[in-house]
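What follows is a single structure, written as structure tokens, with notes after it.
A, B, ... follow the sequence lines: proteins, then strands. Residue 1 opens every chain. The model shown is predicted, which means the values in this text are computed figures rather than measured ones. Reckoned from all heavy atoms, side chains included, excluding hydrogens, waters and symmetry mates.
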2 protein chains.
Amino acid sequence: MTSSRPDGQRSPTLEEVAEWAGVSRSTVSRVINGVSTVDPELRELVQRAIDATGYVPNLAARSLVTRRTDSVALVVSEPDDRTEQTEPFLNRIFTDPFLGRITAGALEVLRPEGIHLVIMPAESPAHHHVLRYLRQGHVDGVLLISSSDEDPLPQQLCDLGIPAVLSARPGKPLPMSYVDVEQQVGAKLAAEHLLAIGRHHLATISGPLDMPSSQDRLAGFRAALAVHGHAYVPSAAGNFTRASGEQAARELFAAHPEIDGLFVANDLMAEGALQALRDLGRRVPEEVAVVGFDNSIAALQCRPRLTTIHQPLEEMAAEMARLLLARIGKADPKPRSVIFHPRLVKRESA
Amino acid sequence: MTSSRPDGQRSPTLEEVAEWAGVSRSTVSRVINGVSTVDPELRELVQRAIDATGYVPNLAARSLVTRRTDSVALVVSEPDDRTEQTEPFLNRIFTDPFLGRITAGALEVLRPEGIHLVIMPAESPAHHHVLRYLRQGHVDGVLLISSSDEDPLPQQLCDLGIPAVLSARPGKPLPMSYVDVEQQVGAKLAAEHLLAIGRHHLATISGPLDMPSSQDRLAGFRAALAVHGHAYVPSAAGNFTRASGEQAARELFAAHPEIDGLFVANDLMAEGALQALRDLGRRVPEEVAVVGFDNSIAALQCRPRLTTIHQPLEEMAAEMARLLLARIGKADPKPRSVIFHPRLVKRESA
DNA sequence: GGTATTCCAGGGAGCGCTCTCTCCAAGGTC
DNA sequence: GACCTTGGAGAGAGCGCTCCCTGGAATACC
């Protein structure tokens with residue numbers, strides 16, 4: 001039960017709590033921080049003092065000494081060259097179920113540790129802004145969702161010695177921990193499923209080609225088909241939004257009306273493609289089979305429901321958080337990477 | 001050009017920069033903070049020292065003195081009683097374009113002021129966690145997106161004297177600034193449009209009924225129809241997700257197959273309703289006209305494109321930020337509210 | 001030329017906490 | 001009973017910064 005202080009008044013300090021309890025500042029500090037060498041009776045007394053005064057430790061003072069803030073940032077970064085897009089960055093990241101799943105997974109690990117997560121969008125013009133925030137020491141480390149291999153942020157964090165973990169293999173080799181899914185294997189799963197259900201004219205809608213994960217999915221799809229004698233695979237690139245998927249599908253079918261199997265690099269674009277196919281009067285899956293990627297909520301919300309490649313984003317984010325905490329705890333410089341396995345989820349679209 | 005320090009080494013302090021430049025700590029501090037009473041030559045020298053050492057002010061030390069952090073939180077709150085839902089909270093908020101628009105609008109105002117925005121989801125079991133974060137003084141104030149009139153968070157922030165601005169009229173009167181849109185007027189616009197295009201059997205899908213804004217939209221719709229002699233208006237409540245809109249539409253049309261005009265309390269649910277109508281074989285807008293609310297990107301992505309009520313979320317969020325900054329600057333306790341006007345955006349669905 | 005005034009750099013206190021070091025008291029050992 | 005060990009509380013320094021106050025140099029005034 002905290003007594004609410006009258007407005008504008010400063011919150012009580014350790015010293016005041018100590019006075020209330022008739023002990024020293026040190027003892028109160030020990031109680032707050034759970035140091036065991038405190039007489040149980042005193043501990044009880046101090047606890048009452050804390051409750052009575054409504055004491056909350058002053059973060060600034062504490063972290064000035066400890067050099068810890070007990071919070072980490074989830075930074076969603078966007079490179080320069082993709083800023084001029086139909087859909088604004090913030091719209092995109094807050095519309096894709098992706099971010100919600102990452103957040104959920106990270107919180108799963110961070111909350112029990114008492115660590116706060118702050119989410120910061122970092123589209124390119126505001127990069128320096130976010131960088132300043134991170135350098136000022138607001139957070140102990142960062143979970144970095146970086147989408148382009150041209151993104152300077154990973155390198156910058158590295159240089160500054162700010163603990164960070166990436167959400168995917170970095171474009172350029174970097175001494176940083178990261179988490180990833182076997183992108184190529186996922187694409188292969190999709191390819192082989194499409195072949196297995198008897199499709200012969202396959203095509204793919206990829207993500208932005210400056211992203212390693214997009215490159216991998218595209219390469220994986222092509223490689224798997226090459227093994228089965230398909231030398232040429234039409235493809236079009238989107239930017240992971242529904243609208244871009246719709247657009248890409250239109251282009252693809254305009255140029256290659258014979259396509260009967262489509263692998264789309266995420267579910268949102270697949271949903272857009274489904275839209276395009278409906279407009280074009282192509283029945284799914286009868287005439288065209290569609291496989292997505294992510295197994296997000298979007299895959300369940302479209303008609304027909306999407307066959308897709310599941311990637312365990314929540315677990316991946318949780319692992320990112322674990323890697324980050326390990327890195328923050330000991331200044332252990334050797335980076336680790338953890339790779340997850342994708343799997344095919346069969347539904348109606350293929 | 002900042003020189004990158006070798007890993008693990010602490011960042012330089014004011015004192016070190018002062019030594020480099022051969023001046024006092026105070027002078028460097030003045031340069032950093034843009035105090036004008038510094039000799040231009042010295043200023044120049046100090047600036048070189050700052051660049052050379054790669055100095056960044058230590059936030060903890062600074063805010064220990066200034067009691068400011070130059071960051072504010074965007075807290076998205078969720079009450080207890082709505083936690084057991086089909087779609088997890090994080091999925092919901094990170095799928096609705098709503099949050100992206102709010103963020104964009106707030107950043108528009110905050111970034112030029114050099115103020116950082118940190119986003120924190122606060123579903124009920126983690127409420128105390130977020131509250132602790134706020135009380136510790138991580139931020140100077142909070143933009144609160146609170147959805148239920150049962151939500152204790154606004155009251156708590158009030159009691160703690162933490163500057164905050166609400167995104168909507170609070171359920172219970174509270175001495176807090178807020179921003180809102182004329183919900184009832186918006187609903188009236190929808191009602192009158194549906195009547196104007198000759199619909200007679202009107203129904204509505206509302207948001208969660210513990211939200212003042214949902215209540216207002218529902219009441220406004222009913223009131224407008226009452227004026228035109230419609231005493232009974234079937235309604236079903238959703239939770240602002242696509243899936244819930246689909247579900248609600250199914251229920252509504254099962255019970256009232258005669259419905260020919262539907263007002264849905266947000267675009268996402270309207271999209272779900274469109275889905276349901278497609279499944280039911282009802283043509284939109286020929287057999288059933290549908291009007292949404294928000295004018296979000298979702299309204300453009302569905303087929304037929306959605307006629308909807310526009311609310312200027314970006315401007316509203318910007319105004320929230322402005323109100324908050326005013327509140328933080330001077331400890332001016334008198335709350336203000338700013339109400340925005342909705343308007344009808346005609347597209348294909350009605 | 002001496003004194004009052006202005007300007008601007010430096011000195012020092014102190015923000016609220018942690019953490020080490022010191023010190024006292026109680027218990028154990030011979 | 002004198003000495004040593006140990007448990008647990010208090011004292012004090014110091015984290016890096018801001019901000020007030022002081023003081024010296026430069027300028028203005030009589």
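Summary of the strand contacts: A:V38 and B:V65 both lie near DNA chain D, and taking for each the nucleotide with the nearest heavy atom, the more 5' one is attributed to A:V38. Residue B:S26 is the one, among B:S26 and B:A61, whose nearest nucleotide of DNA chain C lies closer to the 5' end (criterion: closest heavy atom).
Atom CZ of A:R25 and atom C1' of C:dG14 are 13 Å apart (whole Å). When the C1' atom of D:dC15 is taken as reference, atom CG of A:L59 falls 14 Å away, rounded to whole Å. Taking atom CD1 of residue A:I32 and atom P of nucleotide C:dG16, one finds them 15 Å apart after rounding to whole Å. The CG atom of B:D70 sits 14 Å away from the C1' atom of D:dC17 (whole-angstrom rounding). Rounded to an integer number of Å, the gap from B:Y55 OH to D:dC17 C1' is 7 Å. For the pair A:R68 CZ and C:dT18 P, the computed distance is 13 Å after rounding to whole Å. For the pair B:I50 CD1 and D:dC17 P, the interatomic distance rounds to 11 Å; values are reported in whole Å. Atom CD of B:E16 is separated from atom P of D:dC15 by 11 Å (rounded to the nearest Å).
At a cut-off of 3.5 angstrom, counting only N and O atoms as typed in the model, there is no donor on one side facing an acceptor on the other between the side-chain of A:T27 and the base of D:dG10. The base of D:dA11 is not paired with the side chain of A:S24 by any donor and acceptor separated by under 3.5 Å.
Applying the ring pair (Phe, Tyr, Trp, His ring centres under 6.0 Å) test to residues at least two apart or on different chains, the pairs with a partner in residues 130-167 of chain B are A:H116-B:Y133, A:H116-B:H138, B:Y133-B:H138. Counting only residues at least two apart or on different chains, the salt bridge (charged side-chain N to carboxylate O under 4.0 Å, His left out) pairs with a member in residues 105-121 of chain A are A:R111-B:E123.
Applying the side-chain contact (heavy atoms from CB on, under 4.5 Å) test to B:P175 and every residue at least two apart in sequence or in another chain returns B:C158, B:P335. Residues satisfying the side chain to side chain donor-acceptor pair (under 3.5 Å) criterion with A:S337, sequence neighbours excluded, are absent altogether. With sequence neighbours left out, B:R68 forms a side-chain contact (heavy atoms from CB on, under 4.5 Å) with B:T66, B:D70, B:I115, B:D140, B:I328. Every residue two or more places apart in sequence or in another chain that forms a side-chain contact (heavy atoms from CB on, under 4.5 Å) with A:A168 is listed here: A:D180.
Across all their heavy atoms, A:M316 and A:F340 have their closest contact at CG-CD1, 3.4 Å.
When each of C:dG12, C:dC17, C:dC19 is scored by its nearest atom to the side-chain atoms of A:T13, the top-ranked nucleotide is C:dC17.
Phosphate contact (OP1/OP2 of C:dC17, side-chain N/O of A:S29, threshold under 4.0 Å): absent. Phosphate proximity of C:dC15 to A:N58: absent, as no side-chain N or O sits under 4.0 Å from OP1 or OP2. When the side-chain nitrogen and oxygen atoms of A:R67 are compared with OP1 and OP2 of C:dT18, none of them lie within a distance under 4.0 Å.
Judged by distance alone, with hydrogens and angles left aside, the side-chain atoms of B:T27 form no donor-acceptor pair with the main-chain N or O of B:V23 at under 3.5 Å. A:S63 contributes no side-chain N or O that, together with a main-chain N or O of A:T69, makes up a donor-acceptor pair within less than 3.5 Å.
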- Message: For nucleotides 21-28 of chain D, give me one character per nucleotide, 5' to 3': B if any protein heavy atom sits under 4.0 Å from the base, S if the only such contacts are to the sugar-phosphate, - if neither.
- Response: --------
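Each end of the helix from C:dG1-D:dC30 to C:dC30-D:dG1 gets its own axis from five base pairs, and the two axes differ in direction by 50°, given to 10 degrees.
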Side chains of residues 40-49 of chain A: which donor-acceptor partners sit under 3.5 Å, not counting sequence neighbours?
{"residue": "A:R43", "atom": "NH2", "partner": "A:V35", "partner atom": "O", "Å": "2.8"}

